[in-house]
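A note on names: the letters A, B, ... follow the listed sequences, proteins ahead of strands, and every chain is numbered from 1.
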Protein chains: 2
Amino acid sequence: MSTERPGFALPLLLLAGFQTLVDALHEDLAEQGHPEARPMHGFALQAVGEGTTAAELGRRLGVTKQAAAKTIAALGTAGYVERAADPTDARRVVVRPTARGRDLLARSAAIFDDLRARWVRELGEDAVRTIEDALGRITSGPRLDAPSWFTR
Amino acid sequence: MSTERPGFALPLLLLAGFQTLVDALHEDLAEQGHPEARPMHGFALQAVGEGTTAAELGRRLGVTKQAAAKTIAALGTAGYVERAADPTDARRVVVRPTARGRDLLARSAAIFDDLRARWVRELGEDAVRTIEDALGRITSGPRLDAPSWFTR
DNA sequence: ACCATATCGACAACCATGTTGTCGAGCTTA
DNA sequence: TAAGCTCGACAACATGGTTGTCGATATGGT
(Lines give C-alpha, C1' and ligand atoms only; values in the text may rest on other atoms or scores of the structure.)
Protein backbone atom coordinates (compact mmCIF):
# COMPACT_ATOMS: atom_id res chain seq x y z
CA MET A 1 0.00 0.00 0.00
CA SER A 2 0.93 3.59 -0.02
CA THR A 3 -0.41 4.81 3.27
CA GLU A 4 2.86 6.62 3.85
CA ARG A 5 1.63 10.11 3.21
CA PRO A 6 -0.60 11.51 5.92
CA GLY A 7 -3.72 13.25 4.65
CA PHE A 8 -3.50 16.22 6.97
CA ALA A 9 -0.50 17.60 5.07
CA LEU A 10 -2.56 18.29 1.98
CA PRO A 11 -4.71 21.13 3.33
CA LEU A 12 -1.73 22.70 5.05
CA LEU A 13 0.31 22.59 1.86
CA LEU A 14 -2.50 24.09 -0.20
CA LEU A 15 -2.96 26.86 2.32
CA ALA A 16 0.78 27.45 2.53
CA GLY A 17 0.92 27.68 -1.26
CA PHE A 18 -1.86 30.23 -1.26
CA GLN A 19 -0.24 32.24 1.51
CA THR A 20 3.11 32.15 -0.25
CA LEU A 21 1.61 33.55 -3.43
CA VAL A 22 -0.39 36.26 -1.71
CA ASP A 23 2.55 37.25 0.48
CA ALA A 24 4.74 37.55 -2.60
CA LEU A 25 2.05 39.53 -4.38
CA HIS A 26 1.81 42.09 -1.61
CA GLU A 27 5.56 42.32 -1.29
CA ASP A 28 5.74 43.29 -4.94
CA LEU A 29 2.69 45.53 -4.71
CA ALA A 30 4.28 47.40 -1.83
CA GLU A 31 7.28 48.16 -4.04
CA GLN A 32 5.01 49.33 -6.82
CA GLY A 33 3.15 52.04 -5.01
CA HIS A 34 0.57 50.01 -3.13
CA PRO A 35 2.14 49.47 0.29
CA GLU A 36 -1.17 49.62 2.13
CA ALA A 37 -3.04 47.13 -0.06
CA ARG A 38 -4.28 44.10 1.85
CA PRO A 39 -5.43 40.71 0.58
CA MET A 40 -9.05 41.62 1.16
CA HIS A 41 -8.76 44.69 -1.05
CA GLY A 42 -7.80 42.64 -4.07
CA PHE A 43 -10.63 40.18 -3.57
CA ALA A 44 -13.25 42.84 -3.09
CA LEU A 45 -11.95 45.02 -5.92
CA GLN A 46 -11.98 42.04 -8.23
CA ALA A 47 -15.59 41.46 -7.26
CA VAL A 48 -16.46 45.12 -7.87
CA GLY A 49 -15.45 44.74 -11.50
CA GLU A 50 -16.41 47.69 -13.67
CA GLY A 51 -19.10 48.90 -11.31
CA THR A 52 -21.56 47.43 -8.84
CA THR A 53 -23.80 48.23 -5.93
CA ALA A 54 -23.34 47.22 -2.32
CA ALA A 55 -26.11 44.64 -2.49
CA GLU A 56 -24.71 43.07 -5.65
CA LEU A 57 -21.18 43.03 -4.23
CA GLY A 58 -22.53 41.28 -1.17
CA ARG A 59 -24.05 38.58 -3.32
CA ARG A 60 -20.81 38.14 -5.25
CA LEU A 61 -18.72 37.86 -2.10
CA GLY A 62 -21.26 35.73 -0.29
CA VAL A 63 -21.80 38.22 2.52
CA THR A 64 -24.66 40.48 3.57
CA LYS A 65 -25.09 43.84 1.91
CA GLN A 66 -24.23 45.52 5.22
CA ALA A 67 -20.87 43.77 5.27
CA ALA A 68 -20.33 44.70 1.65
CA ALA A 69 -21.13 48.32 2.45
CA LYS A 70 -18.45 48.35 5.15
CA THR A 71 -15.97 46.80 2.76
CA ILE A 72 -16.80 49.47 0.19
CA ALA A 73 -16.25 52.14 2.81
CA ALA A 74 -12.82 50.70 3.59
CA LEU A 75 -11.99 50.46 -0.10
CA GLY A 76 -13.10 54.06 -0.55
CA THR A 77 -10.92 55.28 2.32
CA ALA A 78 -7.98 53.51 0.69
CA GLY A 79 -8.76 55.34 -2.53
CA TYR A 80 -9.52 52.26 -4.58
CA VAL A 81 -13.20 52.91 -5.34
CA GLU A 82 -15.54 55.87 -5.65
CA ARG A 83 -19.31 56.07 -5.31
CA ALA A 84 -21.75 57.77 -7.66
CA ALA A 85 -25.52 58.04 -7.83
CA ASP A 86 -27.23 55.96 -10.48
CA PRO A 87 -29.32 58.29 -12.71
CA THR A 88 -31.58 55.43 -13.78
CA ASP A 89 -32.42 54.25 -10.27
CA ALA A 90 -32.49 56.68 -7.38
CA ARG A 91 -32.13 53.91 -4.82
CA ARG A 92 -28.81 52.68 -6.16
CA VAL A 93 -25.34 54.00 -5.47
CA VAL A 94 -22.85 52.64 -7.96
CA VAL A 95 -19.35 51.77 -6.83
CA ARG A 96 -16.60 51.99 -9.42
CA PRO A 97 -12.85 51.42 -9.18
CA THR A 98 -10.78 54.57 -9.35
CA ALA A 99 -7.73 54.88 -11.60
CA ARG A 100 -5.71 53.79 -8.60
CA GLY A 101 -7.99 50.82 -8.11
CA ARG A 102 -7.58 49.77 -11.72
CA ASP A 103 -3.83 50.18 -11.33
CA LEU A 104 -3.90 47.84 -8.36
CA LEU A 105 -5.78 45.20 -10.31
CA ALA A 106 -3.56 45.49 -13.38
CA ARG A 107 -0.41 45.23 -11.31
CA SER A 108 -1.83 42.29 -9.36
CA ALA A 109 -2.57 40.42 -12.56
CA ALA A 110 0.93 41.07 -13.89
CA ILE A 111 2.54 40.01 -10.63
CA PHE A 112 0.50 36.81 -10.48
CA ASP A 113 1.58 36.00 -14.03
CA ASP A 114 5.17 36.56 -12.98
CA LEU A 115 4.73 34.40 -9.88
CA ARG A 116 3.32 31.59 -11.97
CA ALA A 117 6.33 31.87 -14.27
CA ARG A 118 8.61 31.58 -11.24
CA TRP A 119 6.80 28.41 -10.17
CA VAL A 120 7.21 27.04 -13.70
CA ARG A 121 10.95 27.71 -13.54
CA GLU A 122 11.24 25.96 -10.18
CA LEU A 123 8.80 23.11 -10.66
CA GLY A 124 8.40 22.76 -14.41
CA GLU A 125 5.42 23.57 -16.57
CA ASP A 126 4.08 20.03 -16.16
CA ALA A 127 3.87 20.20 -12.39
CA VAL A 128 2.14 23.58 -12.41
CA ARG A 129 -0.34 22.43 -15.04
CA THR A 130 -0.97 19.28 -13.01
CA ILE A 131 -1.75 21.38 -9.95
CA GLU A 132 -4.06 23.66 -11.90
CA ASP A 133 -5.85 20.83 -13.69
CA ALA A 134 -6.22 18.67 -10.60
CA LEU A 135 -7.53 21.47 -8.38
CA GLY A 136 -9.77 22.71 -11.15
CA ARG A 137 -11.37 19.29 -11.45
CA ILE A 138 -11.79 18.71 -7.75
CA THR A 139 -12.93 22.08 -6.52
CA SER A 140 -15.57 22.89 -9.11
CA GLY A 141 -14.13 26.32 -9.64
CA PRO A 142 -12.55 28.96 -7.41
CA ARG A 143 -14.68 30.85 -4.95
CA LEU A 144 -14.45 34.55 -4.32
CA ASP A 145 -15.80 34.58 -0.79
CA ALA A 146 -12.44 33.97 0.81
CA PRO A 147 -12.07 36.77 3.36
CA SER A 148 -15.11 35.86 5.38
CA TRP A 149 -14.77 32.14 5.01
CA PHE A 150 -12.55 31.23 7.91
CA THR A 151 -14.47 32.20 10.97
CA ARG A 152 -17.64 30.70 9.58
CA MET B 1 5.20 30.64 -25.69
CA SER B 2 2.75 29.30 -23.19
CA THR B 3 1.33 32.44 -21.68
CA GLU B 4 -2.13 30.96 -22.03
CA ARG B 5 -2.73 30.29 -18.37
CA PRO B 6 -3.33 33.39 -16.29
CA GLY B 7 -1.40 33.51 -13.07
CA PHE B 8 -4.25 34.75 -10.94
CA ALA B 9 -5.99 31.37 -11.15
CA LEU B 10 -3.29 29.64 -9.15
CA PRO B 11 -3.95 31.26 -5.77
CA LEU B 12 -7.70 30.90 -6.21
CA LEU B 13 -7.35 27.22 -7.04
CA LEU B 14 -5.08 26.58 -4.07
CA LEU B 15 -7.49 28.34 -1.76
CA ALA B 16 -10.45 26.52 -3.26
CA GLY B 17 -8.67 23.23 -2.74
CA PHE B 18 -8.02 24.09 0.88
CA GLN B 19 -11.61 25.18 1.41
CA THR B 20 -12.92 22.04 -0.26
CA LEU B 21 -10.91 19.83 2.06
CA VAL B 22 -11.81 21.71 5.21
CA ASP B 23 -15.47 21.85 4.26
CA ALA B 24 -15.50 18.11 3.69
CA LEU B 25 -13.68 17.56 6.96
CA HIS B 26 -16.27 19.46 8.95
CA GLU B 27 -19.11 17.79 7.12
CA ASP B 28 -17.77 14.43 8.26
CA LEU B 29 -16.91 15.70 11.73
CA ALA B 30 -20.47 16.92 12.15
CA GLU B 31 -21.71 13.39 11.45
CA GLN B 32 -19.24 11.95 13.95
CA GLY B 33 -20.30 13.86 17.02
CA HIS B 34 -18.53 17.18 16.45
CA PRO B 35 -21.18 19.33 14.77
CA GLU B 36 -20.00 22.53 16.43
CA ALA B 37 -16.31 22.16 15.55
CA ARG B 38 -15.00 25.02 13.44
CA PRO B 39 -11.84 25.25 11.34
CA MET B 40 -10.15 27.37 13.96
CA HIS B 41 -10.66 24.74 16.63
CA GLY B 42 -8.65 22.14 14.76
CA PHE B 43 -5.79 24.52 14.11
CA ALA B 44 -5.61 25.73 17.67
CA LEU B 45 -6.03 22.27 19.16
CA GLN B 46 -3.26 20.97 16.92
CA ALA B 47 -1.07 23.78 18.24
CA VAL B 48 -1.99 22.98 21.84
CA GLY B 49 -0.49 19.51 21.45
CA GLU B 50 -0.14 17.61 24.69
CA GLY B 51 -0.20 20.72 26.82
CA THR B 52 0.82 24.37 26.60
CA THR B 53 0.32 27.78 28.08
CA ALA B 54 -1.45 30.74 26.54
CA ALA B 55 1.80 32.57 25.87
CA GLU B 56 3.38 29.56 24.19
CA LEU B 57 0.26 28.90 22.14
CA GLY B 58 0.36 32.50 21.00
CA ARG B 59 3.90 32.05 19.79
CA ARG B 60 3.01 28.86 17.94
CA LEU B 61 0.02 30.44 16.23
CA GLY B 62 1.78 33.71 15.55
CA VAL B 63 -0.64 35.81 17.58
CA THR B 64 -0.44 37.72 20.84
CA LYS B 65 -0.90 35.88 24.11
CA GLN B 66 -4.12 37.83 24.66
CA ALA B 67 -5.56 36.49 21.43
CA ALA B 68 -4.37 33.00 22.36
CA ALA B 69 -6.07 33.34 25.75
CA LYS B 70 -9.36 34.18 24.03
CA THR B 71 -8.95 31.20 21.71
CA ILE B 72 -8.33 28.95 24.71
CA ALA B 73 -11.45 30.30 26.34
CA ALA B 74 -13.48 29.45 23.24
CA LEU B 75 -11.90 26.00 23.05
CA GLY B 76 -12.70 25.48 26.72
CA THR B 77 -16.33 26.48 26.24
CA ALA B 78 -16.57 23.96 23.42
CA GLY B 79 -15.18 21.32 25.75
CA TYR B 80 -12.02 20.62 23.80
CA VAL B 81 -9.46 21.77 26.38
CA GLU B 82 -9.20 22.13 30.13
CA ARG B 83 -6.95 24.34 32.24
CA ALA B 84 -4.89 23.32 35.24
CA ALA B 85 -2.42 25.09 37.49
CA ASP B 86 1.23 24.22 36.99
CA PRO B 87 2.66 23.02 40.34
CA THR B 88 6.20 23.91 39.28
CA ASP B 89 5.44 27.50 38.27
CA ALA B 90 2.65 29.40 39.96
CA ARG B 91 2.40 31.89 37.10
CA ARG B 92 1.55 29.28 34.49
CA VAL B 93 -1.82 27.77 33.68
CA VAL B 94 -1.42 24.69 31.55
CA VAL B 95 -3.95 23.98 28.82
CA ARG B 96 -4.49 20.34 27.87
CA PRO B 97 -6.85 18.71 25.40
CA THR B 98 -9.74 16.84 26.97
CA ALA B 99 -10.72 13.34 25.87
CA ARG B 100 -13.19 15.03 23.55
CA GLY B 101 -10.42 17.22 22.18
CA ARG B 102 -8.24 14.21 21.50
CA ASP B 103 -11.19 12.52 19.84
CA LEU B 104 -11.58 15.53 17.55
CA LEU B 105 -7.93 15.40 16.53
CA ALA B 106 -7.95 11.64 15.96
CA ARG B 107 -11.09 11.82 13.83
CA SER B 108 -9.72 14.78 11.89
CA ALA B 109 -6.56 12.86 11.05
CA ALA B 110 -8.58 9.84 9.91
CA ILE B 111 -10.91 11.98 7.80
CA PHE B 112 -8.01 13.79 6.17
CA ASP B 113 -6.46 10.44 5.29
CA ASP B 114 -9.75 9.40 3.77
CA LEU B 115 -10.04 12.67 1.85
CA ARG B 116 -6.57 12.20 0.43
CA ALA B 117 -7.56 8.69 -0.66
CA ARG B 118 -10.58 10.17 -2.43
CA TRP B 119 -8.33 12.62 -4.26
CA VAL B 120 -6.08 9.75 -5.26
CA ARG B 121 -9.05 7.87 -6.69
CA GLU B 122 -10.17 10.92 -8.66
CA LEU B 123 -6.83 12.32 -9.75
CA GLY B 124 -4.40 9.45 -9.45
CA GLU B 125 -1.60 8.95 -6.96
CA ASP B 126 0.85 10.70 -9.28
CA ALA B 127 -1.09 13.95 -9.42
CA VAL B 128 -1.57 14.08 -5.66
CA ARG B 129 2.11 13.36 -5.04
CA THR B 130 3.03 16.02 -7.57
CA ILE B 131 0.90 18.55 -5.73
CA GLU B 132 2.40 17.60 -2.36
CA ASP B 133 5.96 17.57 -3.61
CA ALA B 134 5.67 20.79 -5.55
CA LEU B 135 4.01 22.72 -2.75
CA GLY B 136 6.41 21.25 -0.22
CA ARG B 137 9.35 22.50 -2.23
CA ILE B 138 7.97 25.95 -2.86
CA THR B 139 6.43 26.85 0.44
CA SER B 140 9.19 25.89 2.84
CA GLY B 141 6.79 24.05 5.06
CA PRO B 142 3.21 24.55 6.19
CA ARG B 143 2.38 27.32 8.61
CA LEU B 144 0.04 26.99 11.54
CA ASP B 145 -0.95 30.61 11.87
CA ALA B 146 -3.79 30.34 9.38
CA PRO B 147 -6.80 31.68 11.24
CA SER B 148 -5.38 35.11 11.90
CA TRP B 149 -3.54 35.38 8.65
CA PHE B 150 -6.17 36.81 6.39
CA THR B 151 -7.01 40.15 7.86
CA ARG B 152 -3.37 40.96 8.36
C1' DA C 1 -53.61 54.60 -11.97
C1' DC C 2 -52.85 52.36 -7.85
C1' DC C 3 -51.30 49.58 -4.38
C1' DA C 4 -48.69 45.46 -2.71
C1' DT C 5 -44.31 43.88 -2.90
C1' DA C 6 -39.50 43.78 -3.49
C1' DT C 7 -35.11 46.08 -3.48
C1' DC C 8 -31.69 49.60 -2.22
C1' DG C 9 -28.87 51.93 1.15
C1' DA C 10 -28.42 53.38 5.85
C1' DC C 11 -28.33 52.82 10.84
C1' DA C 12 -28.05 50.39 15.31
C1' DA C 13 -26.81 46.69 18.17
C1' DC C 14 -24.23 42.84 18.64
C1' DC C 15 -20.53 39.02 18.13
C1' DA C 16 -15.93 37.25 17.10
C1' DT C 17 -11.16 37.75 16.62
C1' DG C 18 -7.51 40.26 16.51
C1' DT C 19 -4.56 44.38 18.36
C1' DT C 20 -1.88 47.72 22.29
C1' DG C 21 -1.15 48.92 26.65
C1' DT C 22 -1.12 48.15 31.55
C1' DC C 23 -0.93 45.62 35.69
C1' DG C 24 0.25 42.53 39.78
C1' DA C 25 2.20 38.26 40.75
C1' DG C 26 5.87 35.00 40.39
C1' DC C 27 10.41 33.18 38.53
C1' DT C 28 15.45 33.93 37.62
C1' DT C 29 19.74 35.78 37.66
C1' DA C 30 23.44 39.06 38.54
C1' DT D 1 18.14 40.97 47.65
C1' DA D 2 17.04 43.70 43.86
C1' DA D 3 16.43 44.01 38.75
C1' DG D 4 14.37 42.24 35.12
C1' DC D 5 11.78 39.04 32.56
C1' DT D 6 7.62 36.15 31.92
C1' DC D 7 2.92 34.77 33.02
C1' DG D 8 -2.04 35.59 32.95
C1' DA D 9 -5.63 39.02 33.33
C1' DC D 10 -8.11 43.22 32.19
C1' DA D 11 -9.45 47.34 29.51
C1' DA D 12 -9.97 49.83 25.31
C1' DC D 13 -10.15 49.65 20.64
C1' DA D 14 -10.23 48.14 15.31
C1' DT D 15 -12.09 45.30 11.87
C1' DG D 16 -15.31 42.49 9.57
C1' DG D 17 -18.96 39.77 10.07
C1' DT D 18 -24.14 39.16 11.63
C1' DT D 19 -29.63 40.44 12.43
C1' DG D 20 -33.05 43.52 12.50
C1' DT D 21 -35.21 47.78 11.24
C1' DC D 22 -36.22 51.73 8.53
C1' DG D 23 -37.51 55.19 4.75
C1' DA D 24 -37.16 55.80 -0.05
C1' DT D 25 -37.74 54.07 -4.61
C1' DA D 26 -38.93 50.69 -8.41
C1' DT D 27 -41.90 47.38 -10.28
C1' DG D 28 -45.66 44.44 -11.50
C1' DG D 29 -50.53 42.91 -11.06
C1' DT D 30 -55.24 44.34 -10.83
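One can place NZ of A:K65 at 14 Å from C1' of D:dT18, the figure rounded to the nearest angstrom. When the P atom of C:dC8 is taken as reference, atom CD1 of A:I72 falls 12 Å away, rounded to whole Å. Atom CD in A:E56 sits roughly 8 Å away from atom P in C:dC8 (whole-Å rounding). In this entry the distance linking CG of B:L57 with P of D:dC7 reads 12 Å, nearest Å. Distance CG (A:D89) to P (D:dG28): 12 Å, rounded to an integer number of Å. What separates CG of B:L75 from P of C:dA16 is a distance of 14 Å, to the nearest Å.
Of the candidate nucleotides D:dC7, C:dG18, D:dT19, C:dG18 has the atom nearest to the side chain of B:T71. Distances from the side chain of B:T53 to the nucleotides C:dG18, D:dC7, C:dC27 place D:dC7 closest. In the set D:dC7, D:dG8, C:dA10, the nucleotide with an atom closest to the side chain of B:V93 is D:dG8. In the set C:dC8, C:dC14, D:dA26, the nucleotide with an atom closest to the side chain of A:K70 is C:dC14. Nearest nucleotide to the A:R91 side chain, out of D:dG17, C:dT7, C:dG9: C:dT7.
Heavy atoms of A:A54 sit under 4.0 angstrom from primed sugar atoms or phosphate atoms, though from no base atom. B:A55 comes within 4.0 angstrom of the backbone, heavy atoms only, and of no base.
Taking 4.0 angstrom as the limit, A:R38 places none of its side-chain polar atoms (N or O) nearer than this to OP1 or OP2 of D:dA14. One finds no side-chain N or O of B:R92 lying less than 4.0 angstrom from the OP1 or OP2 phosphate oxygen of D:dA9. Proximity of A:R59 to the phosphate of C:dT7: no side-chain N or O atom is located under 4.0 Å from OP1 or OP2.
Under the 3.5 Å distance criterion, the side-chain polar atoms of A:D113 are left unmatched by any main-chain donor or acceptor of B:P6. Put simply, the side chain of B:T98 gets close to the backbone of B:G79: a donor and an acceptor are under 3.5 Å apart.
Contact annotation: side chain of A:Q66 to base of D:dG20, donor-acceptor pair present below 3.5 Å.
Between B:W119 and A:L135 there is a side-chain heavy-atom pair separated by less than 4.5 Å.
Both A:T52 and B:P87 sit near DNA chain C, but only A:T52 has its closest nucleotide nearer the 5' end. Comparing A:D86 and A:A68, the nucleotide of DNA chain D nearest to each residue sits closer to the 5' end for A:A68.
Within 6.0 Å of atom CD in B:Q32, more than 12 heavy atoms from other residues, nucleotides or ligands are found, so the atom counts as buried in its surroundings. Atom CD of B:E132 has more than 12 heavy atoms from other residues, nucleotides or ligands within 6.0 Å.
Taking the charged nitrogens against the carboxylate oxygens, B:R137 and B:D133 have no contact shorter than 4.0 Å, which rules out a salt bridge.
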Under the criterion salt bridge (Lys or Arg N to Asp or Glu O under 4.0 Å), I'd like the reasoning laid out for B:E122 against B:R118: C-alpha separation, chi angles, the key distance, then a yes or no.
CA-CA 6 Å; B:E122 277 200 58; B:R118 284 189 230 169; over 6 Å; no

Take B:L123 and A:T130 through the side-chain contact (heavy atoms from CB on, under 4.5 Å) test and state the conclusion after the steps.
CA-CA 10 Å; B:L123 306 169; A:T130 296; over 6 Å; no

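Recorded end-axis angle for the helix from C:dA1-D:dT30 to C:dA30-D:dT1 stands at 20°, based on five pairs per end and rounded to 10 degrees.
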